[in-house]
S.K.: 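Dumping the structure here so I can ask a few things about it.
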Amino acid sequence: MATAGKVIKCKAAVAWEPNKPLVIEEIEVAPPQANEIRIKIVASGVCHTDLYHLFEGMHKDGFPAVLGHEGAGIVESVGPGVTEFQPGDKVIPLFIWQCRECRFCKSPKTNQCESGWASDRLDVMAGADSRFTCKGKKVLQFMGTSTFSQYTVMNQMSVAKIDPAAPLDKVCLLGCGVCTGYGAAVNTAKVEPGSTCAVFGLGAVGLAAVMGCKAAGAKRIIAVDVNPDKFEKAKVFGATEFVNPKDHSKPISQVLAEMTNGGVDYSLECVGNVGVMRSALESCVKGWGVSVLVGWTDMDDVAFRPIQLIAGRTWKGSLFGGFKSKDGVPEMVKAYLEKKVKLDEFITHKMTLNQVNDAIELMKHGKCIRTVMSVSPQ
């Protein structure tokens with residue numbers, strides 16, 4: 001492409017400081033260096049983790065930054081040493097690396113990797129290095145991706161090449177939310193056919209967890225949320241029952257225990273709230289119940305009674321649904337194209353990058369499942 005090897009000036013939504021609206025700025029995106037690729041971002045979802053960094057985590061070393069980590073785009077140019085990608089490839093940026101060489105990548109027990117921003121700056125949620133500048137200042141790359149920019153530069157180990165037939169404004173959701181929830185049920189909990197599950201929180205991640213429970217063959221899928229408007233949406237993905245904790249005077253764990261003769265086989269916490277995490281654990285049946293933490297937070301300690309685990313329950317965490325990123329995401333794209341996984345049903349709003357603050361407000365107030373923004377014209 002004509003822009004290869006040159007600095008690109010483009011639009012991006014910059015978070016200059018915590019707890020403030022994003023600002024649409026012209027930024028400079030440097031050419032890719034060794035083993036890097038520069039991507040034209042076509043579409044991006046807005047995920048609660050973006051809001052977490054902006055309004056909750058607010059780590060002082062994580063700003064200024066370009067947010068966004070749930071995107072899809074087209075390779076614009078590649079740096080020296082890149083053989084897996086070429087200009088024109090359709091790709092999904094990944095916030096979880098897969099170098100395929102470290103002890104984590106070689107282990108079937110985890111999807112984590114020793115490389116990338118997450119290896120030592122998990123609390124900051126941004127790497128120390130960046131190819132972005134704006135008004136003479138370095139701008140950080142959020143979660144190694146920054147999909148609220150028309151162009152981004154990424155290491156080839158954190159990008160998945162996908163089927164050229166894939167619609168980018170749909171499969172962008174596989175960059176975070178859908179894989180996170182779906183995989184938490186299928187890969188981490190390992191939900192079994194005929195089992196009973198409870199999913200706490202019916203945002204995009206929770207609905208994807210419901211979809212994963214159904215795909216795994218769960219017989220009963222109890223959707224738990226304080227917003228009753230979400231139940232009809234949950235039924236689309238496979239929920240069989242709905243419980244609103246506000247409708248009951250007793251703890252939700254007791255309610256679920258009474259509904260299920262002692263507790264559910266699997267529970268998935270998709271909120272990122274430590275109180276809900278404990279409720280989800282306590283909702284599991286003793287002896288073999290498995291509870292999975294899916295919601296992202298690093299704000300508070302979590303408390304529990306040791307007897308809950310001594311009695312035979314298992315408490316697990318799941319990052320990106322346990323998918324090894326470069327391998328798993330193309331497979332999920334294929335599953336969508338084969339109509340085995342839903343994506344369109346998550347999208348409640350479509351906007352442009354200029355409307356990013358409106359999209360954030362919708363999510364902040366629970367008025368959307370997923371908003372997909374058009375970032376660059378194709």
Side-chain angles (χ1 to χ4, degrees), residues 45 47-49 70 92 96 108 110-111 170-225 230-231 233-243 256 260 264-272 276-277 280-281 283-284 288-296 314-325 327-347 369-370:
C47 173
H48 185 267
T49 307
E70 192 177 78
I92 292 179
I96 295 289
T110 183
N111 66 333
K170 306 293 196 308
V171 298
C172 61
L173 301 186
L174 295 171
C176 181
V178 174
C179 283
T180 295
Y182 186 90
V186 174
N187 300 328
T188 310
K190 293 183 167 57
V191 169
E192 295 177 332
S195 60
T196 297
C197 303
V199 176
F200 290 73
L202 298 176
V205 173
L207 292 172
V210 168
M211 181 168 65
C213 291
K214 183 181 180 183
K219 185 177 181 182
R220 294 177 70 187
I221 304 170
I222 304 168
V224 182
D225 200 291
K230 292 185 175 180
F231 183 41
K233 197 75 171 177
K235 287 202 314 201
V236 170
F237 292 98
T240 58
E241 297 153 78
F242 180 77
V243 178
L256 291 173
T260 57
V264 300
D265 300 305
Y266 303 93
S267 68
L268 298 105
E269 191 280 345
C270 303
V271 180
V276 180
M277 291 172 184
L281 173 67
S283 299
C284 285
W288 64 79
V290 174
S291 186
V292 182
L293 311 186
V294 190
W296 181 283
T314 300
W315 216 359
K316 305 174 79 172
S318 182
L319 187 61
F320 196 53
F323 283 106
K324 285 188 180 288
S325 57
D327 296 337
V329 167
E331 287 299 312
M332 286 290 282
V333 170
K334 182 180 175 185
Y336 167 70
L337 293 174
E338 294 173 352
K339 296 185 166 41
K340 295 175 182 175
V341 167
K342 298 179 190 296
L343 291 180
D344 303 50
E345 292 81 356
F346 288 93
I347 300 169
I369 300 300
R370 265 300 184 268

S.K.: What's the spacing between Thr180 OG1 and Leu173 CG if we round to 0.5 Å?
M.R.: 11.0 Å
S.K.: Going by heavy atoms in the side chains, are Lys190 and Val290 under 4.5 Å from each other?
M.R.: no
S.K.: Do the side chains of Lys219 and Thr196 get nearer than 4.5 Å, heavy atoms only?
M.R.: no
S.K.: Checking Val292 against Tyr266 for the side chain to side chain contact (heavy atoms under 4.5 Å, CB included) test, could you report, in this order, the C-alpha distance in whole Å, the side-chain angles of both residues, the deciding distance, and whether it holds?
M.R.: CA-CA 8 Å; Val292 182; Tyr266 303 93; over 6 Å; no
S.K.: What's the separation between atom CD in Glu331 and atom CD in Glu338, rounded to the nearest 0.5 Å?
M.R.: 8.5 Å
S.K.: With a 4.5 Å limit on heavy-atom distance, are the side chains of Trp315 and Leu293 in contact?
M.R.: yes
S.K.: What distance do Ile96 atom CD1 and Cys176 atom SG have between them, rounded to the nearest 0.5 Å?
M.R.: 9.0 Å
S.K.: How close do Phe323 and Gly328 get, heavy atom to heavy atom, and via which atoms?
M.R.: CD2-CA, 4.0 Å
S.K.: Do the side chain of Asp225 and the main chain of Leu202 share a donor and acceptor less than 3.5 angstrom apart?
M.R.: yes
S.K.: Nearest 0.5 Å, what's the NZ-CZ distance between Lys230 and Phe242?
M.R.: 9.0 Å
S.K.: Please name the pair of heavy atoms, one in Val264 and one in Ala198, separated by the smallest distance, quoted to 0.1 Å.
M.R.: CG1-CB, 4.0 Å
S.K.: Please round to the nearest 0.5 Å and tell me the distance separating atom SG of Cys179 and atom CD of Glu70.
M.R.: 9.5 Å
S.K.: Any idea which heavy atoms bring Val199 and Cys213 closest together, and the distance?
M.R.: CG2-SG, 4.3 Å
S.K.: Quick one, Val205 and Leu268 - any side-chain contact, counting heavy atoms below 4.5 Å?
M.R.: no
S.K.: Is it the case that the side chain of Glu192 and the backbone of Gly194 share a donor-acceptor pair, with hydrogens and angles ignored and the cut-off at 3.5 Å?
M.R.: no
S.K.: Any donor-acceptor pair under 3.5 Å linking the side chain of Glu241 with the backbone of Arg220?
M.R.: no
S.K.: Measuring from Glu345:CD to Arg370:CZ, what's the distance to the nearest 0.5 Å?
M.R.: 15.0 Å
S.K.: Over all heavy atoms of both residues, which pair between Ile221 and Lys214 is shortest? Give the atoms and the distance, please.
M.R.: CD1-N, 3.5 Å
S.K.: Is there a side chain to side chain contact (heavy atoms under 4.5 Å, CB included) between Ile92 and Val333? Walk through the geometry before answering.
M.R.: CA-CA 10 Å; Ile92 292 179; Val333 170; 4.0 Å; yes
S.K.: Looking at every heavy atom in both Tyr182 and Met332, which two are closest together, and how far apart are they?
M.R.: CD2-CE, 3.7 Å
S.K.: Output, in order, the C-alpha distance, side-chain angles, deciding distance and verdict of side chain to side chain contact (heavy atoms under 4.5 Å, CB included) for Leu337 and Val171.
M.R.: CA-CA 10 Å; Leu337 293 174; Val171 298; 5.8 Å; no
S.K.: Considering only heavy atoms from C-beta outward, does the side chain of Asn111 approach that of Asp327 to under 4.5 Å?
M.R.: no
S.K.: Any donor and acceptor pair, going by atom type alone, linking the side chain of Lys340 with main-chain N or O of Lys334 inside 3.5 Å?
M.R.: no
S.K.: Quick check: do Leu256 and Phe200 have side-chain heavy atoms less than 4.5 Å from each other?
M.R.: yes
S.K.: Working note: Met211 + Val178, criterion side chain to side chain contact (heavy atoms under 4.5 Å, CB included); need CA distance, chi angles, decisive distance, verdict.
M.R.: CA-CA 9 Å; Met211 181 168 65; Val178 174; 3.9 Å; yes
S.K.: So, for Leu281 and Ser267, which heavy atoms are closest and what is the spacing to 0.1 Å?
M.R.: N-OG, 4.2 Å
S.K.: Does the side chain of Thr260 reach to within under 4.5 Å of the side chain of Ile222, using non-hydrogen atoms?
M.R.: yes
S.K.: Atom NZ of residue position Lys342 - does it have more than 12 heavy atoms of other residues, nucleotides or ligands inside 6.0 Å?
M.R.: no
S.K.: With the side chain counted from C-beta on, respond yes when Trp296 and Leu319 share a heavy-atom pair under 4.5 Å apart, and no when they do not.
M.R.: yes
S.K.: A quick test of your reading: do over 12 heavy atoms of other residues, nucleotides or ligands sit less than 6.0 Å from NZ of Lys324?
M.R.: yes
